[in-house]
Trainee: 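Just dropping this structure here.
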Amino acid sequence: MAEKPHLFLIDGSSYIFRAYHALPPLTRKGDGLPVGAVSGFCNMLWKLLQEKENGLAGVDPSHIAVIFDAKGHTFRNEIFDQYKAHRPPAPEDLRPQFGLIRDAVRAFNIESIELEGYEADDIIATYSEMALDAGADVTIIGSDKDLMQLVRPGVVMVDTMKNKRIEEAEVIEKFGVAPDKVVEVQALAGDSVDNIPGVPGIGIKTAALLINEFGDLESLLAGAETIKQKKRRENLIEFADQARVSKELVYLKRDVPLALGIDALFRNELDGPKLIAFLKAMKFTSMTRRIAEATDTVADAIEPCDLDIVGWEPPQKVAAVEGDSIEGADSAQGAQGPVQLADKIAADIAKLPIDNSSYQTVRTMEELTHWLNEAKRVGYVSVDTETDSLDAMQANLVGVSLATEPGKACYIPLAHVTGEGDMFGGGLAEGQIPITEAVTALKAMLEDPSILKIGQNLKYDTLLLSRYDIDLAPLDDTLLLSYVLDAGKHGHGMDELSELWLDHKPIPFKEIAGTGKKQITFDKVEIDKATAYAAEDADVTLRLWMVLKPRLAADHMVTVYERLERPLLPVLRRMEARGITVDRQILSGLSGTFAQGMARLEEEIHALAEQSFNIGSPKQLGDILFGQQGLPGGKKTKTGAWSTSASVLEDLAAEGHELPARVVEWRQLSKLKSTYTDALPGFINPQTKRVHTSYSLAATTTGRLSSSDPNLQNIPIRTEAGRKIRTAFVATPGNKLISADYSQIELRVLAHMADIGQLKKAFDEGLDIHAMTASEMFNVPIEEMDSATRRRAKAINFGIIYGISAFGLANQLGISRTEAKDYIDMYFTRFPGIRTYMEDTKTAAREQGYVETIFGRKIHYPEINSKNPNMKAFQERAAINAPIQGSAADIIRRAMVRMEGALVEAGSSARMLLQVHDELIFEVAEAEVDNTIKVVRDTMESAPMPALQLSVPLKVDAAAADNWDEAH
DNA sequence: CCTGCCCCATA
DNA sequence: GTATGGGGCAGGA
C-alpha cells in the first residue's frame with residue numbers, strides 16, 4: 001500500500017540569507033570564491049534527505065522542490081511602490097552564491113522553482129494548496145513569519161536552523177491568533193523589515209488583541225469608532241486604507257501560474273556522481289567524502305563539474321616586477337623609508353605594554369612541553385580556557401592559553417573547526433594537538449601542587465575542567481583579589497581591570513566573534529585571531545595578578561581572601577556541578593493553572609475597563625486607570641508616568657476599586673508564570689537532567705553571593721501560589737532535601753556589633769525579637785502584644801538594618817512621615833546604642849572611605865562625601881547596612897567553607913546544593929537525615945568560631961522533606 | 001536586535 | 001530605607 005504522498009517545499013531564498021548571516025564567512029580554497037551559504041545550504045539539503053523517523057519533519061518526502069525569489073519587482077510593487085524599499089542590496093560576497101545554490105539544487109536532482117513577478121512565498125502557498133487538493137501533506141522548510149499563514153492541518157513548517165517545528169500552537173504563540181488570522185494581525189502591525197506600513201502605534205500584541213475581539217480587519221475598521229483609546233481610534237480611522245493595503249501585501253497568492261504541476265516535483269533518486277562532481281567543484285572536501293561514502297560513489301574517479309559563476313571574478317595575480325627591490329622603494333621614499341619606518345614602529349611597540357601579536361600558537365606536543373616546563377620552573381602560570389558556551393556545564397573546551405611572564409604567553413588551540421561542514425560540527429582545523437593528548441599533559445601541570453595557577457574568574461574554568469577530569473589547584477583568582485581589595489570602588493571584570501591598572505584595552509570578544517545572531521562560537525574563530533585574543537587574556541591576567549597580589553598584605557586583606565573567598569570557589573563549583581532536580585511536570589501543571597487564572601482575570605479586567613488592552617503594559621494600564629477611569633493617581637515614576645506599582649494598585653483596591661485589585665492578581669500570576677514555571681524547565685541540563693545555577697562570588701558589594709541562569713535565590717515563598725513552585729524542587733528517590741536557615745541572623749549581628757543589651761538578652765532567652773522590640777517601644781507586655789503593634793516593630797527592625805529613614809518607614813507602614821519620625825525617635829530613645837552605632841558607622845565611612853564587617857571585609861563608599869544630598873544619604877544608608885548584611889554573609893561563607901569537611905567527618909554523604917543568603921539546601925539519603933541535620937546545624941551555628949565568639953547565640957532552623965517547600 | 005524602563009521575586 | 005537577577009514592553013536601530 002502506498003503511503004500518503006508528502007511534499008517538501010523548501011524556502012530557498014530565505015535560507016540563503018539566513019545561512020549567510022548565521023555562518024562564518026567561508027571561501028573556496030585556492031581562489032577565495034565565497035561559498036559559506038552554499039555550504040550551509042548543501043548541508044541542510046543533505047541532512048533533510050537523510051532524516052526519517054528521527055528528524056523534525058518526521059517523514060520521507062515523496063515530492064520535493066526548492067523555491068526561490070525571482071529577480072526584479074513583483075506584483076506587490078504594483079500595489080505599493082515602497083514594498084521592501086528599505087532592503088539593502090545583497091552583500092558583495094553573497095551575490096555569486098545565488099547561482100551556485102541553484103546549481104546545488106540541481107546537483108541534488110531536485111527541481112528548483114522560481115517565477116518572475118512572484119515571490120517564493122507565493123509559489124509555496126500555491127503548491128501547498130495544490131498538494132492539499134491532491135490529498136498530500138506538506139512540510140514547508142523555512143521560518144519566514146509570512147509563511148505562517150499557511151499552517152493548517154496537513155501543512156506544517158519546519159525550521160531546520162533552529163531545529164523547531166511550527167504548527168498551529170507555535171503560530172498562536174508568535175502572533176496571538178490562529179494561522180488563518182495571521183494576515184489580519186500583520187495588516188495592523190506592519191513590518192519594518194519589509195516596509196509594510198500597518199497602523200502606527202499598533203504592534204503584534206495589540207493587533208492580536210483587536211483581532212481576537214473584532215474577528216477580522218474589516219470588522220475592526222468598521223467598528224473603529226467604538227475603540228476607547230483615543231490615539232488608537234484615530235489611527236485606525238486615519239490609516240484604514242493603509243491597513244487594507246498592508247493586508248494585500250502580506251496575503252500570499254495561491255494561484256500563481258506555475259509551469260510544473262505537483263507530479264513533476266516527484267522526488268528523484270540521488271545521482272551520486274552528479275552530486276559529487278558539484279561538491280568537488282566547490283572543494284567541499286569533507287562533505288564530498290561523507291556523501292561519496294553514503295551514496296557508494298568512488299569520488300576519486302569523478303571530475304569536478306564546470307560552474308557558471310556570476311558576479312565574482314577571481315583575484316588577479318600581481319606579477320612581481322623585476323628590479324622593484326626594497327632598496328628601490330626605500331630610495332624612492334627618501335628619509336621616511338621602510339627601514340626608518342620599521343625602526344620607529346618597533347620603538348613604539350616596545351613602549352606599548354602589551355603586544356598581542358607576539359604570542360605563540362602552540363601546535364605540537366614539543367611546544368606544549370616547553371610551556372609546561374616553563375610553568376614548573378617559574379612556579380606559577382596564568383591560565384585561561386576558551387570554550388563554545390558561557391554555560392560551564394555544557395561548554396566544550398576549545399583551547400587553553402598560558403602566560404608565565406608579562407608578554408610571554410601562548411595559545412593552545414584544541415578544537416577549532418574550519419567553516420566547512422559546520423552543521424555537522426565541521427572538520428577539525430589543521431595544526432592542533434589531539435585534544436586528549438593535550439588534556440593529559442595539561443592535567444599534570446594544572447593539578448601540580450607546586451605550580452600556582454592564576455586566572456580571572458576561575459570558577460568557570462575549574463568547573464569546565466572538572467568535566468575533563470581535571471581538578472585545578474592551587475589557584476589565585478584576580479577577580480576575587482580585586483573584589484576583596486576594592487569592593488564598591490569599581491567593577492572587577494578583566495577588561496575594566498586591565499584599563500585601570502595596565503592602561504590597556506584588551507581585544508573585545510565581539511571583535512573576533514561578532515555580535516548578535518551573527519556571533520560565532522570560539523571554535524569557529526580563526527586560530528590566529530584566537531591566539532591574539534586568548535593569549536592576551538592570559539598575559540593581562542598575569543600582569544593583574546602581579547599588581548594586585550602584593551596589595552593583599554599591604555591592605556591587610558590576606559585573611560579575608562584566604563578564608564572567605566578563595567576556599568569558597570571550589571565549594572561553589574561543586575554545588576553548581578551537582579545542581580538540583582526540578583520536576584518538569586509540576587511546573588507545566590502550574591503553568592497551565594496560572595494561564596487559566598490569567599485568562600479569567602483578563603476577561604474580568606477587560607470588562608471592568610470596558611475595553612481590551614494589554615494588561616502587561618504599565619503605560620496602557622496607567623492610561624486606563626488614571627486617564628479614562630479618572631482614578632486618583634498616587635506616585636509618578638522617574639520618567640513622569642503614573643506609577644502602577646503593586647503598592648499604588650493595592651491602595652486603590654483598598655478604596656474599593658475592583659479593577660486595580662484584579663490587576664494585582666493578574667500581575668502575580670503573570671510573574672510566576674513567565675519568570676518561574678515557564679522559564680525554569682529551559683534550564684534543565686539535558687545530560688544531568690538537573691538545574692545548575694551559577695553563583696557569583698564577586699557580584700555584590702557586601703559579600704553576599706548572587707545567583708543567575710537561573711536565579712535560584714528568588715524562588716517565590718510569600719504567597720500560596722508562589723510557594724507551589726517550590727514543590728517542584730525535589731529530592732531524588734530515596735533522598736530528602738534539608739533546608740537549614742539562620743534565624744534573624746542580621747539582627748543578631750547588629751545586636752553583637754552595636755552591643756545592645758536588651759537585644760542580646762532577648763536572643764539569649766529565645767524571645768520573639770519583634771514582640772520584644774514592640775514591648776520596649778510601646779510599653780506593652782510581650783504576652784499581650786497584638787499583631788498590628790508587632791508588625792510595626794518588625795518594620796522598624798528591618799528599617800534599622802536598611803539604614804532607616806522616616807520617608808522609607810512611612811512608605812512601608814502607610815503612615816505619615818512625622819508619625820514615622822516619632823517611631824524612630826522612640827526607638828532610638830529605647831535603644832540608644834543603635835543610634836551611636838549608626839553615627840559611628842557613618843563617621844567611619846566618611847573618614848576612611850570604607851566600612852568593615854566583623855571579619856574584616858572592606859566595603860568602599862567613594863561617593864559618601866558627595867555634594868548631592870540624595871546621593872550622600874543613599875551612600876550613608878548603604879554604609880550602615882553593609883557591615884550588617886556583609887557580616888552575616890561572611891558567617892554563612894565560613895559555614896559553607898567548612899561544611900563539606902564536617903559532613904564527611906561525621907560520616908554523612910549529604911551534598912550541599914544551594915545557598916540563599918541565610919539558608920543552605922542539602923540533598924541526602926533518607927537514613928542520614930537526622931545525623932546530617934545535627935552536623936549542619938552545628939557547623940552553621942559555630943561558623944564564626946574560633947576566629948570570633950559572637951556575644952549573641954546563632955540559631956539555625958532545619959527540616960527535611962521531599963521538596964523545598966515542605967523542607968523550609 | 002539592543003536598550004531603558006517598569007515591575008517584581010528573594011533575603 | 002539594604003542587597004540582588006530577570007521578564008515584558010516600547011522605542012529606536
Side-chain angles (χ1 to χ4, degrees), chain A residues 21 86 192-193 200-206 487-488 515-519 614-622 635-649 663-664 667-676 678-680 693-696 699-719 721-723 725-726 741-742 744-746 795-813 817 820 824 838 859 873-886 888-889 892 914-919 968:
Chain A
H21 288 296
H86 296 164
S192 58
V193 178
I202 295 187
I204 285 186
K205 285 261 165 194
T206 308
T515 177
K517 79 173 185 185
K518 270 198 258 180
Q519 187 166 74
N614 184 352
I615 307 168
S617 162
K619 190 163 162 287
Q620 292 185 25
L621 178 63
K635 288 182 291 184
K636 288 278 186 80
T637 66
K638 66 176 163 193
T639 49
W642 289 113
S643 167
T644 66
S645 66
S647 69
V648 170
L649 300 184
V663 172
V664 170
R667 282 238 185 103
Q668 200 211 344
L669 295 181
S670 165
K671 172 77 176 180
L672 295 176
K673 184 168 185 291
S674 66
T675 309
Y676 303 104
D678 285 353
L680 276 174
T693 184
S694 175
Y695 287 107
S696 174
T700 72
T701 47
T702 54
R704 274 191 176 178
L705 304 180
S706 80
S707 156
S708 62
D709 309 296
N711 182 354
L712 295 186
Q713 292 183 320
N714 71 347
I715 302 301
I717 191 166
R718 284 169 207 216
T719 66
R723 283 185 84 103
I725 292 165
R726 293 201 169 206
D741 68 290
Y742 283 107
Q744 307 286 3
I745 188 168
E746 294 191 345
I796 294 169
N797 276 333
F798 275 101
I800 295 297
I801 291 170
Y802 297 154
I804 204 152
S805 76
F807 180 86
L809 184 63
N811 249 345
Q812 178 67 30
L813 285 176
R817 214 174 312 174
I824 294 170
M838 290 171 79
I859 300 114
F874 176 76
Q875 295 270 312
E876 285 178 352
R877 289 193 299 272
I880 288 167
N881 170 257
I884 306 170
Q885 191 185 110
I892 198 167
L914 303 178
Q915 189 251 42
V916 191
H917 308 308
D918 65 357
E919 176 188 13
H968 187 80

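Chain naming here is simple, since letters A, B, ... match the order of the sequence lines and numbering starts at 1 in each.
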Trainee: Would you confirm whether A/Thr675, through its side chain, and A/Lys671, through its main-chain N or O, come within 3.5 Å as a donor-acceptor pair?
Mentor: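 Judged by distance alone, yes, a pair lies under 3.5 Å.
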Trainee: Whole Å only: how far is the CE atom of A/Met838 from the P atom of C/dG1?
Mentor: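 It works out to 14 Å between those atoms.
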Trainee: Contact class for A/Ile884 vs. all strands (heavy atom < 4.0 Å): base, sugar-phosphate, or nothing?
Mentor: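 Nothing: the residue A/Ile884, judged by heavy atoms under 4.0 Å, touches no strand.
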Trainee: Need one value for A/Phe798: base, sugar-phosphate or nothing, where a base atom within 4.0 Å counts as base even if backbone is also close, heavy atoms only.
Mentor: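 Touches nothing.
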Trainee: Within this structure, what is the CD1-to-P distance between A/Ile715 and C/dG7, rounded to whole angstrom?
Mentor: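 Going from A/Ile715 (CD1) to C/dG7 (P), I get 11 Å.
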Trainee: Look at the side chain of A/Asp741 and the backbone N and O of A/Asp918, then say whether any donor-acceptor pair between them is shorter than 3.5 Å.
Mentor: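 Checking the backbone N and O of A/Asp918 against the side chain of A/Asp741, no donor-acceptor pair under 3.5 Å is found.
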Trainee: Could you state the NZ-C1' distance from A/Lys671 to C/dG8, rounded to the nearest angstrom?
Mentor: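 Rounded to the whole Å, the gap is 10 Å.
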Trainee: Distance check needed: C/dT4 C1' versus A/Asp918 CG, whole Å only.
Mentor: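 After rounding, the gap between these two atoms is 14 Å.
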Trainee: Using a heavy-atom cut-off of 4.0 Å across all strands, would you classify A/Ser805 as base, sugar-phosphate, or nothing?
Mentor: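 Base contact.
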Trainee: If we ignore hydrogens and angles and just use 3.5 Å, is the side chain of A/Tyr695 paired with the main-chain N or O of A/Ser708 as donor and acceptor?
Mentor: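 Checking the backbone N and O of A/Ser708 against the side chain of A/Tyr695, no donor-acceptor pair under 3.5 Å is found.
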Trainee: Counting only N and O atoms by type, is there a donor-acceptor contact under 3.5 Å from the side chain of A/Thr637 to the main-chain atoms of A/Ala641?
Mentor: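 Judged by distance alone, yes, a pair lies under 3.5 Å.
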Trainee: Can you tell me which nucleotide in C/dG1, C/dG7, C/dG6 comes closest to the side chain of A/Ser708?
Mentor: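 Of all the options, the side chain of A/Ser708 is nearest to C/dG6.
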Trainee: How would you label the contact of A/Asn711 with the nucleic acid (heavy atoms, under 4.0 Å): base, sugar-phosphate, or nothing?
Mentor: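 The residue A/Asn711 makes sugar-phosphate contact but no base contact.
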Trainee: Rounded to whole Å, how long is the line connecting atom CD of A/Glu746 with atom C1' of C/dG1?
Mentor: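 Roughly 13 Å, once rounded to whole Å.
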Trainee: Using a 4.0 Å heavy-atom cut-off across all strands, classify A/Ala646 as base, sugar-phosphate, or nothing.
Mentor: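 A/Ala646: backbone/sugar contact only, no base atoms under 4.0 Å.
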Trainee: Give one of base, sugar-phosphate or nothing for A/Ser707, where a contact means two heavy atoms less than 4.0 Å apart.
Mentor: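 Sugar-phosphate contact only - A/Ser707 comes under 4.0 Å of backbone atoms but never of a base.
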Trainee: Between A/Arg877 and C/dT2, is there a contact of a side-chain N or O with OP1 or OP2 at under 4.0 Å?
Mentor: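 Yes.
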Trainee: Tell me: CD of A/Gln885 to P of C/dT2, nearest whole Å?
Mentor: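 After rounding, the gap between these two atoms is 11 Å.
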Trainee: Report each atom pair, protein N/O against N/O of nucleotides 10-13 of chain C, whose distance is under 3.5 angstrom.
Mentor:
{"residue": "C/dA10", "atom": "OP1", "partner": "A/Ser617", "partner atom": "OG", "Å": "2.6"}
{"residue": "C/dA10", "atom": "OP1", "partner": "A/Gln620", "partner atom": "NE2", "Å": "3.3"}

Trainee: Rounded to whole Å, how long is the line connecting atom CD1 of A/Ile202 with atom P of C/dC9?
Mentor: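 My rounded result for the distance is 16 Å.
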Trainee: Could you tell me from which nucleotide to which nucleotide of DNA chain B, 5' to 3', there is an atom under 4.0 Å from chain A heavy atoms?
Mentor: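 So the contact region on DNA chain B extends B/dC1 to B/dA11.
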Trainee: Please state how far atom CD1 in A/Ile800 lies from atom C1' in C/dG1, giving the value in whole angstrom units.
Mentor: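 Spelled out: CD1 on A/Ile800 to C1' on C/dG1 is 10 Å.
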Trainee: Mind checking the OG1-CD spacing from A/Thr702 to A/Gln885? Nearest 0.5 Å is all I need.
Mentor: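 Between A/Thr702 OG1 and A/Gln885 CD, I get 3.5 Å after rounding to 0.5 Å.
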Trainee: When we call it a touch if two heavy atoms are under 4.0 Å apart, what does A/Ile717 touch: a base, just sugar-phosphate, or nothing?
Mentor: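 Contact class for A/Ile717: sugar-phosphate only.
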Trainee: Can you tell me if A/Thr693 uses its side chain to pair, donor with acceptor, with the backbone of A/Pro710 under 3.5 Å?
Mentor: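 Looks like yes, one N/O pair under 3.5 Å.
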Trainee: Pick base, sugar-phosphate or nothing for A/Arg667, based on heavy-atom distances below 4.0 Å to the nucleic acid.
Mentor: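 Counting heavy atoms under 4.0 Å across all strands, the contact made by A/Arg667 is with sugar-phosphate only.
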Trainee: Any side-chain to backbone donor/acceptor pair from A/Arg723 onto A/Pro716? Under 3.5 Å, distance only.
Mentor: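 It does not hold such a pair.
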Trainee: Among the nucleotides C/dG8, C/dG6, C/dA3, which one has an atom lying closest to any side-chain atom of A/Ser674?
Mentor: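 Within the option list, the nearest is C/dG8.
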Trainee: Is A/Lys635 close enough and on-axis enough to A/Trp642, meaning under 6.0 Å and within 45°, for cation-pi?
Mentor: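 No cation-pi geometry.
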Trainee: Using modelled atom types only, decide if a donor and an acceptor are shared between the side chain of A/Thr701 and the backbone of A/Ala487 within a distance under 3.5 Å.
Mentor: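 Pair absent, no side-chain N/O of A/Thr701 close to backbone of A/Ala487.
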Trainee: Output yes when a side-chain donor or acceptor of A/Gln713 lies under 3.5 Å from a complementary backbone atom of A/Gln915, and no otherwise.
Mentor: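 Judged by distance alone, yes, a pair lies under 3.5 Å.
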Trainee: Could you tell me whether A/Ala879 contacts a base, only the sugar-phosphate backbone, or nothing, with contacts defined as non-hydrogen atoms closer than 4.0 Å?
Mentor: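 Contact class for A/Ala879: none.
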Trainee: For A/Gly616, answer base if it contacts any base atom (sugar-phosphate contacts may also be present), sugar-phosphate if it contacts only those atoms, and nothing otherwise; contact means non-hydrogen atoms under 4.0 Å.
Mentor: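 A/Gly616: backbone/sugar contact only, no base atoms under 4.0 Å.
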Trainee: Base, sugar-phosphate or nothing for A/Leu809? Non-hydrogen atoms, less than 4.0 Å.
Mentor: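 Base, at least one base heavy atom under 4.0 Å.
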Trainee: Mind checking if A/Ala699 touches a base, just sugar-phosphate, or nothing, with heavy atoms under 4.0 Å?
Mentor: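 Here A/Ala699 touches the backbone only, sparing every base.
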Trainee: Would you say the side chains of A/Lys619 and A/Thr644 form a donor-acceptor pair under 3.5 Å?
Mentor: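 A/Thr644 and A/Lys619 do not have a side-chain donor-acceptor pair below 3.5 Å.
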